[in-house]
Amino acid sequence: MASEPSAQCRVMFQDKTEEPAQRKLGKLTVKYNRKDLQRRLDIEEWIDDQLHLLFDCEEEEIPELEIDIDELLELSDEGQRSRLEELLQECGKPKEDFINGLLYRIKGLRKMSGPLKK
């Protein structure tokens, strides 16, 4: 059998590295709507761009500042505005346009729950 030229053995390997990523993505899309995730990502990118303009500096030079969208969503409209003014108190430039823009963008956005605990 081994001497027959037509009978060749083939060894095939399956690539298992991609499979866990696909499963993870499946769980993610079941828990969160892709449209909501994309909207949230767009808002976070907008925030980042606006902070660069407000503080007129490079990312490394921006003061430690964390704008938590979920925290804002838990507050009333006035609470959201007050929290943003508090976070941006070190900014010397006018921040009303940024605050109004952010409050407009987060309208209708749903709070995301924390990661699932196993």
Side-chain angles (χ1 to χ4, degrees):
M1 254 183 151
S3 62
E4 293 178 20
S6 62
Q8 296 180 357
C9 294
R10 290 188 184 183
V11 178
M12 299 180 77
F13 297 96
Q14 293 181 344
D15 185 14
K16 299 258 182 191
T17 57
E18 290 182 28
E19 193 172 322
Q22 289 174 345
R23 276 193 217 138
K24 202 174 211 179
L25 180 61
K27 288 180 184 176
L28 181 68
T29 56
V30 168
K31 184 170 180 181
Y32 303 115
N33 181 322
R34 283 182 193 239
K35 188 175 178 182
D36 289 344
L37 287 172
Q38 185 60 52
R39 184 172 172 204
R40 186 172 286 259
L41 178 63
D42 292 343
I43 291 171
E44 289 177 2
E45 288 175 354
W46 180 85
I47 290 171
D48 190 47
D49 292 341
Q50 294 301 308
L51 290 177
H52 285 286
L53 295 173
L54 278 175
F55 287 94
D56 197 25
C57 59
E58 296 300 317
E59 187 168 342
E60 300 82 34
E61 299 169 1
I62 292 177
E64 188 72 26
L65 181 66
E66 183 178 340
I67 296 176
D68 185 345
I69 294 173
D70 284 331
E71 176 189 343
L72 291 174
L73 291 172
E74 292 176 354
L75 301 172
S76 66
D77 289 349
E78 269 313 302
Q80 291 173 346
R81 183 172 298 281
S82 298
R83 179 67 179 139
L84 288 170
E85 287 171 354
E86 177 186 323
L87 289 170
L88 296 169
Q89 65 187 358
E90 294 180 29
C91 178
K93 289 187 175 182
K95 45 197 167 264
E96 276 304 307
D97 288 342
F98 170 75
I99 291 172
N100 291 334
L102 180 56
L103 294 178
Y104 174 77
R105 282 170 173 76
I106 65 172
K107 288 267 188 246
L109 198 64
R110 291 180 296 176
K111 183 180 176 207
M112 292 186 139
S113 58
L116 288 175
K117 294 182 180 178
K118 293 183 180 179

Colleague: Are any side-chain N or O atoms of Lys95 and backbone N or O atoms of Leu84, one a donor and one an acceptor, separated by less than 3.5 Å?
Modeller: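 No, Lys95 side chain to Leu84 backbone: no donor-acceptor pair under 3.5 Å.
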Colleague: Measuring from atom CD1 of Ile99 to atom CD of Glu85, what distance do you get when rounded to the nearest 0.5 angstrom?
Modeller: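 If I round to the nearest 0.5 Å, the distance is 4.5 Å.
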Colleague: Hey, what do you get for CG (Leu53) to NZ (Lys93), rounding to the nearest 0.5 Å?
Modeller: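 It is 7.0 Å, given to the nearest 0.5 Å.
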Colleague: What is the minimum heavy-atom distance between Ile67 and Phe98, and which atoms define it?
Modeller: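 The answer is CD1-CZ, 3.8 Å.
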Colleague: Once rounded to the nearest 0.5 Å, what's the spacing between atom CZ of Arg40 and atom CG of Leu37?
Modeller: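 One finds 8.0 Å between CZ of Arg40 and CG of Leu37.
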Colleague: Look only at the side chain of Arg83 and the backbone of Gly79, and say whether a donor-acceptor pair between them is shorter than 3.5 Å.
Modeller: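 Not at all, since once roles are kept as given, no pair shorter than 3.5 Å links the two residues.
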Colleague: Check Arg39 against Ile106 and note the closest heavy-atom contact, atom names and distance.
Modeller: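 That closest heavy-atom pairing would be NH2-C, 4.3 Å.
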Colleague: Where is the tightest heavy-atom contact between Leu73 and Gln80, given as atom of each residue plus distance?
Modeller: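 Taking every non-hydrogen atom into account, CA-NE2, 4.0 Å.
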Colleague: What's the verdict on side chain to side chain contact (heavy atoms under 4.5 Å, CB included) for Glu66 and Leu87, showing C-alpha distance, side-chain angles and the deciding distance?
Modeller: CA-CA 8 Å; Glu66 183 178 340; Leu87 289 170; over 6 Å; no
Colleague: What do you reckon, is CG of Asp97 surrounded by more than 12 foreign heavy atoms closer than 6.0 Å?
Modeller: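 12 or below, so no.
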Colleague: Kindly give the heavy-atom pair with the smallest separation between Leu54 and Pro94, and that separation in Å.
Modeller: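 Closest pair (atom of Leu54, atom of Pro94, distance): CD2-O, 3.5 Å.
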Colleague: For Glu74, give me all partners under side chain to side chain contact (heavy atoms under 4.5 Å, CB included), at least two apart in sequence or on another chain.
Modeller: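 Side chain to side chain contact (heavy atoms under 4.5 Å, CB included) check on Glu74 returns Lys111.
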Colleague: Rounded to the nearest 0.5 Å, how far does CD1 of Ile43 lie from CD of Gln50?
Modeller: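 Answer for the CD-CD1 pair, Gln50 versus Ile43, is 12.5 Å.
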Colleague: Check whether any side-chain heavy atom of Lys107 sits under 4.5 Å from a side-chain heavy atom of Asp77, and report yes or no.
Modeller: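 Lys107 reaches Asp77 side chain to side chain.
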Colleague: Under a 4.5 Å cut-off applied to non-hydrogen side-chain atoms, are Ile69 and Leu102 in contact?
Modeller: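 Side-chain contact under 4.5 Å: no.
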